[in-house]
**Student:** 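Got a structure for you, questions after.
Residues take their numbers from the sequence shown, with the count starting at 1.
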Amino acid sequence: MKTARKTWAWLAAVLLVAVLAGCGTKEAEKPTKEFASSDGVVSVMLAEDWKSEDAGVDGWIGAVSKDERDGIVVAQFVKGVDAVGLVDIKNAFEDTYSASEITEEDGSGLVPGMENIQAYRCKMTVEGTSGDGYFVYGETDYAYYAILYVSEKMNDDKLAYVRNVCGSFKENAPEVENNSTVEATDTIRWINGTYAVLTALNGWDYNMFGGMPANDDSMSLQQSMLSEWWDVTDKASADETIEWLISEGHRMDFAETMDMLAEDGFGEIPEEERADYLLNNYTGITDETAQQYADFYAAYDEKGIDVMSAWDYSRAVSVIANCYIAGYYTETEALDKALEVASVIQTAYGSWDAFMDSYMVGYEYWAEESSDERRGVYEDLKAMPDSPYQLDWNLALEKTW
């Protein structure tokens, strides 16, 4: 997203020009022509006197009106290639343009072929100059999209024009090669559910094993990511990492820390006084961290090591699936390994909520930050009709490949 933000800089400058301009001919009254991305995948219809701008990315469209009072970006993020989701895209746009006074609009049917459409009006500020913005986010089977329109003033006529532009959206998505040979059965979808929150955060397909089609492009992407995040570069290092996650992981360090606190008599201290005890007896600890560890201890004292082991198990399945996409395991090898871990998970927990509660504790311990964002993703996924979390936790996990 950092690279993407740089390509939006020229659009921000439109606002600086806009404040010097007066009223002109209504855009909706002008003849239109098609503006397409350089790769030909996506296009929209704009007034024919608009000028194309280099948005810096093949799958993007950039344009400004003839008088440079208005500007638009249509940004495309290909699923399985760009590791972002709609939440990341929305946050990046709003941060880049210092969006405020954000008001949600009805996006139903606004952009043909898109699903999960969100539309917003807002105020925007760039280098002290303010203007109006209209943001639209959505997705197709091929990609996530963001449409950003900026103007000095978003009156009713301008808003109608923007909505017409959105209505002219066309996608000519290329066929994506997928070397997977198995059907996404309920067992595979259940397995996918054990790491679906991370899949969704990455902007990938939570109903596809590995989150993306298996092809040369995704293989290269996953090889790079596995090397960067896990030092996994081949089958041997994959085996070693996965075995560590299954047999030890971060839960062993967590348990050792909790046991150390117990040896210090932490359990004898009333729960409401434990955070203060940590602040008074340990250096370099914040109020938030002290309360977090007090909560960790109470949960560990009640439930034992499984209070956070879901974090390790979830990542084990995720790494297994990623190693299939990277070419380190065959599809059958990866699914066999994932099924073994899924069976352990199903035995250790009694529901998706219980599993995810443990996952969130593990995330907070590992990341040393709140799990609110990930919990929000989980809640959103639970509400999706095609979500793996709609499956019965006690589903009979059978080899279907």
Side-chain angles (χ1 to χ4, degrees), residues 190-198 230 240-279 281-282 285-320 337-375 377-379 382 388-389 391-397:
W190 198 101
I191 290 171
N192 293 342
T194 64
Y195 62 100
V197 167
L198 179 59
W230 293 100
E240 182 179 353
T241 296
I242 293 163
E243 176 57 32
W244 176 78
L245 284 167
I246 295 171
S247 63
E248 182 176 345
H250 287 99
R251 62 190 181 278
M252 298 306 294
D253 180 71
F254 176 87
E256 289 173 3
T257 301
M258 297 303 109
D259 290 343
M260 179 193 70
L261 289 173
E263 291 173 3
D264 287 348
F266 198 61
E268 304 303 318
I269 300 170
E271 286 193 30
E272 64 273 12
E273 299 176 11
R274 289 173 180 172
D276 287 338
Y277 173 85
L278 292 173
L279 286 169
N281 291 276
Y282 292 83
I285 189 170
T286 65
D287 289 353
E288 182 180 3
T289 301
Q291 186 58 58
Q292 191 176 53
Y293 270 73
D295 293 340
F296 285 160
Y297 185 87
Y300 177 71
D301 189 46
E302 177 186 356
K303 300 178 181 178
I305 199 169
D306 275 343
V307 73
M308 66 86 66
S309 59
W311 170 247
D312 292 324
Y313 293 145
S314 173
R315 298 207 296 169
V317 182
S318 175
V319 172
I320 291 169
K337 287 178 178 289
L339 180 60
E340 291 178 11
V341 183
S343 298
V344 172
I345 292 171
Q346 192 179 53
T347 301
Y349 300 93
S351 67
W352 285 115
D353 283 349
F355 173 72
M356 293 308 302
D357 284 344
S358 173
Y359 172 90
M360 298 302 172
V361 172
Y363 173 77
E364 291 182 352
Y365 179 75
W366 173 79
E368 298 181 341
E369 65 180 26
S370 169
S371 62
D372 287 352
E373 180 185 6
R374 293 193 178 218
R375 191 172 291 280
V377 171
Y378 171 58
E379 293 299 329
K382 282 204 301 183
Y389 302 127
L391 295 171
D392 182 3
W393 175 261
N394 296 310
L395 176 77
L397 300 179

**Student:** Are Tyr365 and Thr257 close enough, and set up right, to give a side-chain contact (heavy atoms from CB on, under 4.5 Å), and what steps lead you there?
**Tutor:** CA-CA 11 Å; Tyr365 179 75; Thr257 301; 3.2 Å; yes
**Student:** Look up atom CG in Leu279 and atom OG1 in Thr286, then write down how far apart they are to the nearest 0.5 Å.
**Tutor:**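 Reported to 0.5 Å precision, the distance equals 7.5 Å.
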**Student:** Which pair of heavy atoms, one from Ala290 and one from Ala275, lies closest together, and at what distance?
**Tutor:**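 Heavy atoms of Ala290 and Ala275 come nearest at CB-O, 3.5 Å.
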**Student:** Can any side-chain N or O of Trp352 pair as donor or acceptor with the backbone N or O of Gly193 at less than 3.5 Å?
**Tutor:**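 It does not hold such a pair.
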**Student:** Is Glu340 salt-bridged to Lys337, going by a charged N under 4.0 Å from an acidic O?
**Tutor:**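 No salt bridge links Glu340 with Lys337.
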**Student:** How many angstroms lie between CG in Asn281 and CG in Leu261, if you round to the nearest 0.5 Å?
**Tutor:**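 The CG atom of Leu261 is 11.0 Å from CG of Asn281, to the nearest 0.5 Å.
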**Student:** Quick one: which of Glu364, Arg374, Met308 gives a side chain to side chain contact (heavy atoms under 4.5 Å, CB included) with Tyr359?
**Tutor:**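 Going through Glu364, Arg374, Met308 one by one, the side chain to side chain contact (heavy atoms under 4.5 Å, CB included) with Tyr359 is satisfied by Arg374 alone.
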**Student:** Centroid separation under 6.0 Å, is that true for the rings of Tyr378 and Tyr389?
**Tutor:**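 Yes - the distance between ring centres of Tyr389 and Tyr378 falls below the 6.0 Å cut-off.
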**Student:** Could you check whether any side-chain heavy atom of Asp312 comes within less than 4.5 Å of a side-chain heavy atom of Ile246, counting everything from C-beta outward?
**Tutor:**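 They are not in contact (no side-chain heavy atoms under 4.5 Å apart), so the answer is no.
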**Student:** Can you tell me if Trp311 uses its side chain to pair, donor with acceptor, with the backbone of His250 under 3.5 Å?
**Tutor:**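 Answer holds: no.
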**Student:** Using 30° and 60° as the class limits, which term best fits the ring planes of Phe254 and Phe296: parallel, tilted or perpendicular?
**Tutor:**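 If you compare the ring of Phe254 with that of Phe296, the planes turn out perpendicular.
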**Student:** Report yes or no: does Ser358 contribute a side-chain atom to a donor-acceptor pair with the main-chain N or O of Asp306 at less than 3.5 Å?
**Tutor:**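 Confirmed, Ser358 side chain pairs with Asp306 backbone.
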**Student:** To the nearest 0.5 Å, what is the distance between CG on Asp301 and CD on Glu271?
**Tutor:**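 The CD atom of Glu271 is 8.0 Å from CG of Asp301, to the nearest 0.5 Å.
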**Student:** Using the ring of Phe266 (Phe, Tyr or Trp, six-membered ring only), decide whether Arg274 places NZ or CZ under 6.0 Å from its centre and within 45 degrees of its axis.
**Tutor:**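 Cation-pi check for Arg274 and Phe266: passes.
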**Student:** Tell me if the centroids of the rings in Trp230 and Trp244 come within less than 6.0 Å of each other.
**Tutor:**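 No; Trp244 has its ring centre 6.0 Å or more from that of Trp230.
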**Student:** Is it the case that the side chain of Ser343 and the backbone of Leu339 share a donor-acceptor pair, with hydrogens and angles ignored and the cut-off at 3.5 Å?
**Tutor:**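 Such a contact is found between Ser343 side chain and Leu339 backbone.
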**Student:** Could you state the interatomic distance from CG (Leu245) to OH (Tyr313), rounded to the nearest 0.5 Å?
**Tutor:**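 Going from the CG atom of Leu245 to the OH atom of Tyr313 covers 10.5 Å.
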**Student:** Any luck finding a side-chain donor-acceptor pair between Gln291 and Asp287 under 3.5 Å?
**Tutor:**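 Judged by distance alone, the side chains do not pair up.
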**Student:** Establish, yes or no, whether the cationic atom of Arg315 lies under 6.0 Å from the six-membered ring centre of Trp366 and within 45° of the ring axis.
**Tutor:**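 Yes, a cation-pi geometry holds between Arg315 and Trp366.
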**Student:** Nearest 0.5 angstrom please: Ser351 OG to Asp357 CG, how far?
**Tutor:**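 It comes to 7.5 Å.
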**Student:** So, does Thr194 use its side chain to make a donor-acceptor pair with the main chain of Ile191 at under 3.5 Å?
**Tutor:**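 A pair under 3.5 Å: yes.
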**Student:** Using a 4.5 Å cut-off on heavy atoms from C-beta on, say whether the side chain of Ile305 contacts that of Met258.
**Tutor:**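 With C-beta onward as the side chain, the pair stays apart.
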**Student:** Ignoring hydrogens and geometry, is there a side-chain-to-backbone donor-acceptor pair from Arg375 to Ser370 under 3.5 Å?
**Tutor:**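 No: the side chain of Arg375 does not pair with the backbone of Ser370.
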**Student:** What is the minimum heavy-atom distance between Tyr349 and Ala310, and which atoms define it?
**Tutor:**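 In this case the closest contact between Tyr349 and Ala310 is OH-N, 3.1 Å.
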**Student:** Please report the closest heavy-atom contact between Val307 and Ala299, naming both atoms and the distance.
**Tutor:**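 In terms of heavy atoms, the two residues are closest at CG2-CB, 3.4 Å.
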**Student:** Walk me through it: do Val317 and Ile345 pass the test side-chain contact (heavy atoms from CB on, under 4.5 Å)?
**Tutor:** CA-CA 10 Å; Val317 182; Ile345 292 171; 4.3 Å; yes
**Student:** Any donor and acceptor pair, going by atom type alone, linking the side chain of Thr289 with main-chain N or O of Ile285 inside 3.5 Å?
**Tutor:**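 Flag not set: sc Thr289 to bb Ile285 has no pair under 3.5 Å.
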**Student:** What distance do Leu397 atom CG and Leu395 atom CG have between them, rounded to the nearest 0.5 Å?
**Tutor:**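 Answer rounded to 0.5 Å: 5.5 Å.
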**Student:** State whether the side chain of Gln292 and the backbone N or O of Glu368 hold a donor-acceptor pair below 3.5 Å, judged by distance alone.
**Tutor:**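 Not confirmed, Gln292 side chain does not pair with Glu368 backbone.
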**Student:** For the rings on Tyr300 and Tyr297, is their centre-to-centre separation under 6.0 Å?
**Tutor:**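 No.
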